[in-house]
Enquirer: 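First, the structure itself, so that you have it in front of you.
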Amino acid sequence: MELTRRDVLAALAATGVAVGTGAVLRSEPGDDGPIGDHEVATLVAVAGVVYPSAVEGVESFVSEYSVTRVRDRPTYAAGVADAVEALDEYTRDWYDEDFADLDAETRDRALSGMDVDHADPDPEGSERERIRYYLVNELLYALFTTPTGGELAGIENPQGTRAGPRPTSGGRTDGGERR
Amino acid sequence: MIGRDSEGEAPDRTPSDHADVCVVGAGVAGGLVAHSLATAGHDVVILDAGPRFERSKVMARLEKALRPEHDRTDVWEMGGERDQYTKSLPDGITANLNLQRVKGIGGTTLHWSGGALRLHEKDFNMQSRYGLAADWPIDYADLRPYYASAERELGVAGGDDNPFISREQDAPMPAHPNSPSDRLFQEACEELGIRTHSFPLAINSEVRDGRSQCVGFSTCTPVCPSGAKYSGDVHVRQAESAGARVIDRAPAQSIEHDDDGTSVVAVEYATPSGEVHRQTAQQFVIACGGIETPRLLLLSESDEYPNGLANRSGTVGKYLFSDSSVSVTARIDETANKTPIGYTTMCSDEFYDHDDPTPGTIQLRFDNVDPQSPVETALTGGHSSREQIYKEPIYGGSWGDALLDETQHATDNRTIRITAGLETIPHADSTVTLDRSKTDNHGNPVPHIEFDIGPHVVETGERAIEIMKEIMDTIGAEITSISDPESQRLANHHNGTTRMGSDPSESVVNASLQTHDLSNLWISSSSVFPTSGATAPTLTIAALSLKAADHIDNKLSS
């Protein structure tokens with residue numbers, strides 16, 4: 001199931017980023033700020049573990065979402081960068097490589113080995129709790145507030161997704177006297 | 001020096017000179033009264049304990065609501081010292097006031113679900129018809145024109161298809177369309193001779209009054225990002241446009257009366273900088289809901305009123321009640337597809353009006369709300385509910401394909417549910433009192449609630465379950481759970497604690513919403529309800545507020 005531009009816009013809308021349908025989405029992080037190519041590559045790598053295998057188009061979805069999401073939110077961006085650094089530190093200790101450089105199986109093992117899978121997501125918490133909040137849950141929130149995420153889950157309109165106006169039916173509109 | 005608010009320069013929170021009216025509480029009740037009186041040319045000041053919520057942060061509130069890392073009370077910044085309370089509840093009864101109310105401009109309607117229903121004729125005459133509870137000092141006919149006005153003011157979308165309600169006008173907007181799951185219920189109900197009809201909602205079904213139509217975020221409770229759902233801040237803003245002044249973050253501390261105790265002279269309020277001011281006015285309206293309204297009166301005790309202001313009857317804080325409910329959940333073979341929106345669109349008042357006292361009123365509501373958010377399941381690693389997180393603090397460990405399996409299971413599109421609203425009879429021993437052992441951030445005793453439901457609810461709930469099981473059986477659904485009528489929570493609607501009545505020895509306000517004891521003190525709130533049927537109170541609060549505004553306007557103009 002392919003994640004599209006529509007999904008990126010829906011996920012961003014659910015985070016309060018003001019985006020119109022004609023918005024230009026950036027996937028390059030730019031030179032300034034704590035989120036650079038390495039952080040984006042790490043988020044894509046984490047998504048490769050935590051997203052269902054049926055999802056396609058993960059790299060462009062995560063890149064466009066993450067870069068736009070952290071723009072103008074320096075505190076949040078710093079939280080993401082800090083979580084990436086904590087994850088890298090762990091994988092360098094255990095596997096001698098940054099997380100993004102590991103193969104898919106080792107990435108999964110590394111996240112589980114760090115107990116991120118059972119960590120309480122907490123932006124102020126321990127390293128694994130911050131990784132759970134800023135990386136894992138951030139990416140899952142993005143996915144499951146999209147139309148494609150809703151379709152994956154098996155419902156028509158996941159909460160937090162703008163479904164669009166519905167046609168009305170029944171009832172009168174003139175507001176006139178009746179009895 | 002006046003302190004600064006968290007976000008920039010502190011606004012002027014000093015009192016207004018020469019105010020005609022001081023309204024305490026900026027929810028739907030206070031907003032409507034203030035708007036009506038400001039529009040009529042009166043000088044109005046509105047005080048509220050909470051802040052103005054910036055519209056620009058509404059999506060951040062949505063994220064807080066959806067992400068299980070946040071407590072639901074964070075969405076509208078409830079909790080902490082300001083909002084403390086204590087409770088004594090029997091086994092099976094629960095209450096979480098700070099999930100149920102919002103302090104701030106817009107009040108609790110910021111997170112309501114939008115149900116805008118009228119009471120029925122019999123609800124006003126429970127004592128004379130059934131020997132239960134107390135009669136209202138007014139009838140449905142007295143309130144009917146105000147209901148119509150309230151529907152226009154709030155913007156109600158509803159059909160003209162409810163055969164159990166006598167209306168003089170249609171709702172101002174067409175009803176929201178039924179969902180596929182509504183049609184399942186409709187067919188079964190037709191077979192059983194149960195009439196169904198649209199569920200009126202103060203949620204725009206079309207663009208109206210500068211607000212969006214519903215675009216289906218499905219998160220009406222606790223936050224509507226599009227603004228299609230009415231909330232009290234709409235009328236507070238309109239009141240300001242008509243000249244009213246709003247002082248936010250200004251909790252009323254006490255109400256001061258004149259020497260002989262026949263009228264109010266000022267409301268004392270605190271500000272974030274720690275100053276305490278007195279707002280004088282000719283007329284005073286308390287619109288703080290069913291918990292804080294009696295609390296403010298009880299805090300305003302004096303030599304003249306040793307049991308609390310306007311409490312010569314001794315009924316301030318008594319008769320706390322809320323509507324109750326039971327539900328039946330079932331599984332069907334086909335997909336239910338009940339999730340395009342976040343609210344009920346069809347109900348049945350077939351069992352609303354009854355002949356015998358008990359079982360009492362039942363309102364059937366056919367749920368149309370996604371039973372489980374995929375976001376919630378996904379972000380908790382496969383836990384299927386926020387409650388499960390509380391019970392099992394270790395998060396579920398699934399992600400990837402295993403998580404998708406869990407999420408698909410939790411958001412099963414084959415689950416359907418009927419909820420029955422149940423009439424609750426108020427009892428004098430269900431109360432809001434002051435807990436003098438605990439104080440808020442201003443040193444005032446916090447409210448203490450005691451609440452029980454009584455046998456009427458249980459018997460009514462049992463009857464409702466029989467009806468709902470019959471409907472599910474007719475659909476061919478497999479029933480998976482039935483709620484226990486004896487297990488109830490104090491719902492979001494807090495009624496009865498300063499009730500209306502003709503007899504000053506048994507009630508706090510008269511038919512005009514004016515307190516019996518003080519001629520310029522009025523109460524506009526669900527706290528004045530002697531009874532409330534089996535339905536949500538907001539439209540009735542709005543209708544009563546418009547009625548109170550008419551009486552206050554007459555008094556100011558005379």
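By convention in this document, chain letters (A, B, ...) are assigned in the order of the sequence lines, proteins followed by strands, and residues within each chain are numbered from 1. Bear in mind the structure is a predicted one, so any value in this text is a computation, not a measurement.
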Enquirer: Please walk me through it: do Thr15(A) and Met59(B) pass side-chain contact (heavy atoms from CB on, under 4.5 Å)?
Expert: CA-CA 6 Å; Thr15(A) 67; Met59(B) 295 306 291; over 6 Å; no

Enquirer: If you count the non-hydrogen atoms of other residues, nucleotides and ligands that lie under 6.0 Å from CD in Glu59(A), is the total more than 12?
Expert: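 Open.
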
Enquirer: Please report the shortest heavy-atom distance between Arg132(A) and Thr380(B), naming the atom on each side.
Expert: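 Looking at all heavy atoms of both residues, the shortest contact is NH2-C, 3.7 Å.
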
Enquirer: Using a cut-off of under 4.5 Å for heavy-atom pairs, which of Asp122(A), Val136(A), Asp115(A), Leu111(A) has the most such pairs with chain B?
Expert: Leu111(A)

Enquirer: As an exercise: rank Phe144(A), Tyr141(A), Tyr51(A) by heavy-atom pairs under 4.5 Å with chain B and give me the winner.
Expert: Tyr141(A)

Enquirer: Can you tell me which portion of Thr219(B) sits under 4.5 Å from chain A's heavy atoms? Options are side chain, backbone, both or neither.
Expert: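 Interface part for Thr219(B): side chain.
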
Enquirer: Please walk me through it: do Leu152(A) and Leu404(B) pass side-chain contact (heavy atoms from CB on, under 4.5 Å)?
Expert: CA-CA 8 Å; Leu152(A) 273 168; Leu404(B) 182 60; 3.9 Å; yes

Enquirer: Please report the C-alpha distance between Leu379(B) and Tyr133(A) in whole Å, then the side-chain angles of each, then the deciding distance to 0.1 Å, and finally whether the side-chain contact (heavy atoms from CB on, under 4.5 Å) criterion is met.
Expert: CA-CA 9 Å; Leu379(B) 269 63; Tyr133(A) 183 86; over 6 Å; no

Enquirer: State whether the number of non-hydrogen atoms from other residues, nucleotides or ligands found under 6.0 Å of Asp103(A) atom CG is greater than 12.
Expert: yes

Enquirer: Quick check on the interface: out of Asp108(A), Leu143(A), Val55(A), who has the most heavy-atom pairs with chain B under 4.5 Å?
Expert: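 Highest number of heavy-atom pairs under 4.5 Å: Asp108(A).
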
Enquirer: In terms of heavy-atom contacts, does CZ of Arg6(A) have more than 12 from other residues, nucleotides or ligands at under 6.0 Å?
Expert: no

Enquirer: Side chain, backbone, both or neither: which part of Leu139(A) has an atom under 4.5 Å from a heavy atom of chain B?
Expert: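 For Leu139(A), neither part sits under 4.5 Å from chain B.
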
Enquirer: Quick check: does any side chain N or O of Gln159(A) sit under 3.5 Å from a backbone N or O of Val375(B), one acting as donor and the other as acceptor?
Expert: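 No, the answer is negative, given that no donor and acceptor are paired below the 3.5 Å cut-off.
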
Enquirer: Tell me if a side-chain donor or acceptor on Asp401(B) pairs with a main-chain N or O of Pro52(A) at a distance below 3.5 Å.
Expert: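 Judged by distance alone, no pair lies under 3.5 Å.
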
Enquirer: Are any non-hydrogen side-chain atoms of Val116(A) and Trp399(B) less than 4.5 angstrom apart?
Expert: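 In short, these two side chains touch, coming nearer than 4.5 Å.
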
Enquirer: Hey, which of Glu151(B), Glu63(B), Arg61(B) has the most heavy atom pairs under 4.5 Å with chain A?
Expert: Glu63(B)

Enquirer: Are the side chains of Glu69(B) and Glu129(A) in contact, using a 4.5 Å heavy-atom criterion?
Expert: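 No, too far: nothing below the 4.5 Å cut-off.
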
